[in-house]
Amino acid sequence: MTSAATQQSNARPPSRLLTLAEPGRAMGELASFYALRPLMGQLPKGDGHGVLVLPGFMASDYSTGPLRRLLCDLGYDCAGWNLGRNIKVDQARIDAMMDCVDELHDRSGRPISIVGWSLGGVFARELAKLAPEKVRLVISLGSPICDDRGHTNAARLFEYLNGKEPEIMRDGNFQALAEAPPVPTTSILTRTDGVVHWRGSVQRCGREDCENIEVLASHCGLGVNPAAVYAIADRLAQGEGSWKPFEVRGLASLFFPKRALH
C-alpha cells in the first residue's frame, strides 16, 4: 500500500495471460472444493478458538463463505467481518475491523487467529501489529505484503478509490507492510497468481514462525483451493504456543511445490 513514489523499479504485476485465466481457474477450484467437501471433515479439528476471515479487495463476506462454513464445521468459532465490500481503506474501516477482533476475542476469551485473502491479508497482519496480545496466528492468501504496489495489477483501481496515500497512512501507519507482525505468520502464495505477483507475497522476516507455503492455485480461487484449505486447517489446528513449521507428507506433498522463493 506504499505510494507510487516509493515503489521499487523491479516490481511488476503478473502477466496478462495469468490475469485473463483467473475466472476459469477459480471456478475450477470452487468445483474441486465442493467435490472434496465431504472428505474435508477429516482435516485437523479446531480447539474452538475464534477465527476472523477477511475478504479481498472489492470482495465481501460472500467470497469467504465456503471457507468459513468449513472452519465452523471443524470446530472453530469462525466469523466474517460484516463490513460489506472491501473497497475503502480509511481509519473508520480499521476501527471497525479492530472492533471485530475485540468482539471475537472477548467472546472466546482467548487470542484469535486471522485469515485474510489478498488485501484482507494485509489488514490481518496490520491488525495483529496493533493488538498482538489478542492474536495467536495470522494467515494471508496471495496478499501484497511487499512495500510496493507495483506487484499487483489492482494498484490503479486501488489508488483511484483510495488515493496514492490512503488516510490510514498519513499518521505513519501501514508504512512497513513487509514487516511481519510479532505473532506466528503464514503466507500462502502461488506462482501462477494473476492479480498479485507471487514475489510480492513472499515473507522475508527471518524468523522461524514466519513462513511461506506455495500452492498450485489462482488468486481468485485461493480461498477454496483444496491445497490452500488443507494448509489453513493444518496451521489453525496447532495448539496455542506450540507453533511448528508446515510439513506435508505422502501424496499430499504433490500439491505443495518445494522450491526456493527468491
Side-chain angles (χ1 to χ4, degrees), residues 14 18 25-26 29 32-33 36 40 42-44 46 51-56 64 66-68 70-71 74 76 113-125 128 135-146 151-152 177-240 242-262:
L18 286 175
R25 295 175 63 209
E29 287 163 291
S32 297
F33 175 88
L36 295 172
M40 291 181 181
Q42 303 303 312
L43 289 170
V51 179
L52 177 63
V53 184
L54 305 177
T64 65
L67 176 60
R68 286 186 288 110
L70 171 63
L71 295 179
L74 291 176
Y76 297 98
S113 293
I114 309 179
V115 180
W117 192 346
S118 195
L119 180 59
V122 175
F123 290 152
R125 290 163 60 93
V135 180
R136 66 189 268 179
L137 174 70
V138 169
I139 301 174
S140 59
L141 307 174
S143 298
I145 57 176
C146 175
H151 282 295
T152 172
L177 302 186
E179 179 182 332
V183 300
T185 307
T186 297
S187 174
I188 298 177
L189 57 94
T190 169
R191 288 178 187 257
T192 54
D193 194 312
V195 177
V196 177
H197 196 287
W198 65 269
R199 285 191 173 90
S201 297
V202 176
Q203 297 194 100
R204 297 183 173 86
C205 65
R207 297 190 339 240
E208 183 186 33
D209 64 352
C210 181
E211 64 181 352
N212 301 291
I213 300 175
E214 182 183 354
V215 297
L216 305 173
S218 67
H219 180 88
C220 296
L222 268 171
V224 291
N225 178 275
V229 170
Y230 178 100
I232 292 169
D234 177 88
R235 301 290 78 196
L236 291 175
Q238 299 174 102
E240 186 176 355
S242 59
W243 189 93
K244 293 182 179 179
F246 180 71
E247 291 186 13
V248 61
R249 299 181 178 85
L251 292 177
S253 62
L254 298 175
F255 301 96
F256 295 92
K258 294 183 178 180
R259 296 177 285 190
L261 297 170
H262 299 300

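These numbers come from a predicted model, not from an experiment.
The number of heavy atoms from other shown groups lying within 6.0 Å of CG (Leu254) is above 12.
Between His197 and Pro14, the shortest heavy-atom contact is N-CG, 3.5 Å. Nearest heavy-atom pair across Leu177 and Arg125 is O-NH2, 3.1 Å. The nearest pair of heavy atoms linking Gly221 to Ala26 is N-CB, 3.9 Å. In plain terms, the two heavy atoms of Leu222 and Ser218 that are nearest each other are CG-O, 3.3 Å. Minimum interatomic distance between Ser201 and Val196 (heavy atoms only, all atoms of both residues): OG-CG1, 3.8 Å. Between Val135 and Val183, the closest heavy-atom pair is O-CG1, 3.3 Å.
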Would Phe246 and Thr186 count as a side chain to side chain contact (heavy atoms under 4.5 Å, CB included) if you check the C-alpha gap in whole Å, the side-chain angles of each, and the deciding distance to 0.1 Å? CA-CA 9 Å; Phe246 180 71; Thr186 297; over 6 Å; no
Please assess Val215 against Phe256 for the test side chain to side chain contact (heavy atoms under 4.5 Å, CB included), listing each intermediate value before the final yes or no. CA-CA 5 Å; Val215 297; Phe256 295 92; 3.6 Å; yes
Step-by-step side chain to side chain contact (heavy atoms under 4.5 Å, CB included) determination, Leu18 to Asp193: CA-CA 7 Å; Leu18 286 175; Asp193 194 312; over 6 Å; no
Stepwise side chain to side chain contact (heavy atoms under 4.5 Å, CB included) test for Leu67 and Val224: CA-CA 6 Å; Leu67 176 60; Val224 291; 5.8 Å; no
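Evaluation of the side chain to side chain donor-acceptor pair (under 3.5 Å) rule for Ser140 yields no partner, not counting sequence neighbours. For Ser113, the side chain to side chain donor-acceptor pair (under 3.5 Å) partners at least two apart in sequence or on another chain are His49. Scored by the side chain to side chain contact (heavy atoms under 4.5 Å, CB included) test, Pro184 finds Leu137, Asp209, Trp243 as partners (sequence neighbours excluded). By the salt bridge (Lys or Arg N to Asp or Glu O under 4.0 Å) test, Glu208 is found to be paired with no residue, residues two or more places apart in sequence or in another chain being considered.
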What donor-acceptor contacts under 3.5 angstrom involve side-chain atoms of residues 225-237, with partners at least two apart or in another chain?
unit_1	atom_1	unit_2	atom_2	d
Asn225	OD1	Ala227	N	3.0
Asn225	OD1	Ala228	N	3.1
Asn225	ND2	Glu29	OE2	2.8
Asn225	ND2	Leu216	O	3.1
Arg235	NH1	Glu211	OE2	2.9
Arg235	NH1	Lys244	O	2.6
Arg235	NH2	Lys244	O	3.2

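Using a 4.5 Å cut-off on side-chain heavy atoms (C-beta onward), Val115 and Val51 make contact. By the 4.5 Å heavy-atom criterion applied to side chains, Phe33 and Met40 are counted as neighbours. Side-chain contact between His151 and Cys146: present, with at least one pair of heavy atoms (C-beta onward) separated by less than 4.5 Å. Put simply, the side chain of Thr192 reaches to within 4.5 Å of the side chain of Arg25, judged on heavy atoms.
Sorted by first and then second residue, the pairs that involve residues 212-227 and meet salt bridge (charged side-chain N to carboxylate O under 4.0 Å, His left out), not counting sequence neighbours, are Arg191-Glu214, Glu214-Arg259.
Here the CH2 atom belonging to Trp117 is positioned 14.0 Å from the CD1 atom belonging to Ile139, to the nearest 0.5 angstrom. Atom-to-atom distance recorded for Glu247:CD and Ile213:CD1 is 11.0 Å, nearest 0.5 angstrom. Remark: Gln203 CD to Leu189 CG distance equals 9.0 Å, nearest 0.5 Å.
Between the side chains of Ser118 and His219, a donor-acceptor pair is found at a separation under 3.5 Å.
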